[in-house]
Number of protein chains: 2
Amino acid sequence: MSKLLLVEDEPSVRMGLRLSLSKAGHQVLEAATASEGWEKIGSADLVILDWMLPDEPGVRLLERLRRDGRYENLPVLMLTARASEGDRVEGLTRGADDYLTKPFSTPELIARVQALLRRVGKSGRLERGALSLDLERHQAFLDGHALDLTRREFDLLAFLARHPGRVYTREELLERVWGQEFLGTARTVDQHVAQLRDKLNEDPKAPRFLETLRGVGYRFRE
Amino acid sequence: MSKLLLVEDEPSVRMGLRLSLSKAGHQVLEAATASEGWEKIGSADLVILDWMLPDEPGVRLLERLRRDGRYENLPVLMLTARASEGDRVEGLTRGADDYLTKPFSTPELIARVQALLRRVGKSGRLERGALSLDLERHQAFLDGHALDLTRREFDLLAFLARHPGRVYTREELLERVWGQEFLGTARTVDQHVAQLRDKLNEDPKAPRFLETLRGVGYRFRE
DNA sequence: ATCTATGTGACATTTTCCTGACAAAAGTAC
DNA sequence: GTACTTTTGTCAGGAAAATGTCACATAGAT
C-alpha cells in the first residue's frame, strides 16, 4: 500500500510491472522519461529507476535526487541491463539502495521493493515519546491508549512523525499524503491537523506534537 | 493438511517424498529448480529446500525469501548432502529453520515438518478467546459449539486469527488466502467477511473478532 | 440433476472527507 | 495601543468514498 514511481521508457515493461506491483498492493505512478520522473517524484515512497532513459541516464536523475534534501531518505531501486560487476557497484555507490539486472523475475522485484520499504520504515513501529505508531496495524497509541484515527489522520500523522522537526508546507503535505492527483485547498490540511490535535488532546497553542509554523506549515515536534 | 513446497531436482527423491508426505496428510507442491520454487512459493505453508539445485544454490533462494516481508515467517527446512558441520551452521544461520543431512529417514523428515508447522501455528489448535480453530480438521468452535464454515471462510478466519491485531488490506488477503494467481475484486473479501460475521453472530459495528478499518482493510481483534 | 460454495454486480448504508464561511489569533504599520 | 492584514482554527453540511447487504450466475461437488 505504498506509492511507487516507476521510471521506465519501455511501455511494455512498464505495463507488466504496473500490473504486478498494483496486484502486490501498491499504487503505481509511471514516468517514461527522467524529467517526467522528476516531476512526479514528490509523492513517491519509492522509485524504480531504469538505467537507460531517452533524455538522460537514470543515474543522473538519481544524483539530482540525492542532492535534494527532500528526498534523502527516498529509496531507489535501479534496473540495469548491463551485468558487469563494475556497473553494479557504480550504481550503488552513487546512491541507489538496491539494483536488479535485466532480465529479472517479477517476484524478485516485488521482494526487493518490499525489503526496501521495510527498511525505510513503511512498516514497523515509530516511537515518538508518548506517541507510538504501529504502521503494520494502522494503530496509534498515546500513553498506551489506542487512538481511533481515520485513514487520512493516521497517514498524515505517520508522515509527519517520520520526519520529526522538518516543516512541511500544506502544499507538500497535500502532495505527499493525499497524492499528486489531489487538487484540494490548503484548508483541508488544517482541518485534519485540527482533528488530529483533538484526538491527541492537544492545545493548538501549546502542542505536544503538531506544531504550527505561521506562514510556513506544520511540523512534528522533535 | 498443509501445503508443502518441495524444491528438489532429483525426480526419484521427489516422488518418494511426495508419496510419504501426502500420506502424512499434506498437500505437496513440487519444483525442480530454484526459480520454479520461487514461482510456486506464494501458496506454500512450508518449504523443503534442497541444498543443491541446477540453477542456483538453495541458500540463495532462501536469502531472497527472507528479504521478502511476505515470507518472513515461512518455515524452511533445508536438505543437504554435505555432512560437514560448517555447512550446517551456515545454512541455519542464513535463515533456515531446520535442516536434514542426506541420507535421512522419511519418518524423521515428517516429524521435523510437523514440528515446524506446529511452531508457526499451521498445525494444531488456535485459541482466541471464545473462538477455537482446529487447523488440521478445518473445524471452528465458538463457545464450544462447532461452526459450519466453508473452506474459504475457514481459511480467511484462520489467516486473520493467526496474526491478531495486524491489519491486512483486501489485496493482501486475496494474495495470501486466495492465492496469488487469483484475479478477483476486492468485494469478494467483503462478502466473505460478512458471511463469517453472520456465522459468528457478529454485529459489524461492534465485532467481537473481525474488525473493519475503513480505508485500510480488516483485522482480527486482539 | 441437485446442491453447495464462490464470486460479482447493483444498491443501500455508513463513514470519512472536503469545502466554504466565519471566528480567532498573530503579525504589521501607524 | 489601535486599526488593518494575513494566517490559522473551527464548525457544520453536503459530496464522495468505502463498506455492508442482497440476489443471482456460475462452477464444482455429491
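A note on names: the letters A, B, ... follow the listed sequences, proteins ahead of strands, and every chain is numbered from 1. Hydrogens, waters and symmetry mates are skipped; everything else that's a heavy atom, side chains included, is used.
B:Phe154 comes within 4.0 angstrom of no nucleic acid atom, judged by non-hydrogen atoms across all strands. Backbone-only contact: A:Leu183 has heavy atoms under 4.0 Å from sugar-phosphate atoms and none from a base.
Checked against side chain to side chain contact (heavy atoms under 4.5 Å, CB included), A:Glu36 has the following partners two or more places apart in sequence or in another chain: A:Ala31, A:Ala32, A:Thr33, A:Lys40. Residues that satisfy the salt bridge (Lys or Arg N to Asp or Glu O under 4.0 Å) test with A:Glu127, not counting sequence neighbours, are A:Arg125. Contacts of B:Asp9 classified as side chain to side chain donor-acceptor pair (under 3.5 Å), with partners at least two apart in sequence or in another chain: none.
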For residues 208-217 of chain A, run the donor-acceptor check on the side chains, cut-off 3.5 Å, and write out each pair with its distance to 0.1 Å, sequence neighbours left out.
{"residue": "A:Glu211", "atom": "OE1", "partner": "A:Arg219", "partner atom": "NE", "Å": "2.8"}
{"residue": "A:Thr212", "atom": "OG1", "partner": "A:Arg197", "partner atom": "NH2", "Å": "2.7"}

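With a 4.5 Å cut-off on side-chain heavy atoms, B:Leu49 and B:Leu77 do not count as touching.
With salt bridges taken as basic N to acidic carboxylate O contacts below 4.0 Å, none links B:Asp155 and B:Arg152. Note on A:Glu10 versus A:Arg14: no salt bridge recorded, every NZ/NE/NH1/NH2 to OD/OE distance being 4.0 Å or above.
One can place CG of B:Asp155 at 14 Å from P of C:dA5, the figure rounded to the nearest angstrom. A straight line from CG of B:Asp148 to P of C:dT6 spans 11 Å, rounded to a whole angstrom. What separates CD of A:Gln195 from P of D:dC11 is a distance of 10 Å, to the nearest Å. Atom CG of A:Asp198 and atom P of D:dA12 are 13 Å apart (whole Å). In this structure, CG of B:Leu210 is placed 10 Å from P of D:dG20, rounded to the nearest angstrom. Between the CG atom of B:Leu196 and the P atom of C:dG7 there is a distance of 13 Å, given to the nearest Å.
Inter-axis angle, ends of the helix from C:dA1-D:dT30 to C:dC30-D:dG1, five pairs per end, rounded to 10 degrees: 30°.
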Quiz item: Could you run down nucleotides 5-10 of chain D 5' to 3' and tag each one B, S or - for protein heavy-atom contact under 4.0 Å?
Solution: --BBBB
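Dashed line: the shortest gap from a side-chain N or O of A:Thr150 to OP1 or OP2 of C:dT16 is not under 4.0 Å. The side chain of A:Trp178 places an N or O atom within less than 4.0 Å of a non-bridging phosphate oxygen (OP1 or OP2) of C:dC18.
Distances from the side chain of B:His192 to the nucleotides C:dG20, C:dG7, C:dC17 place C:dG7 closest. Among the nucleotides C:dG7, C:dC18, C:dT6, the one closest to the side chain of B:Arg151 is C:dT6.
Both B:Lys205 and B:Lys199 sit near DNA chain C, but only B:Lys199 has its closest nucleotide nearer the 5' end.
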Exercise. Go through A:Val189 and A:Tyr218 one step at a time and tell me if the side-chain contact (heavy atoms from CB on, under 4.5 Å) criterion holds.
Key: CA-CA 9 Å; A:Val189 180; A:Tyr218 295 101; 3.9 Å; yes
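B:Arg166 forms a cation-pi arrangement with B:Tyr168, by the criterion of a distance under 6.0 Å to the ring centre and an angle within 45° of the ring axis.
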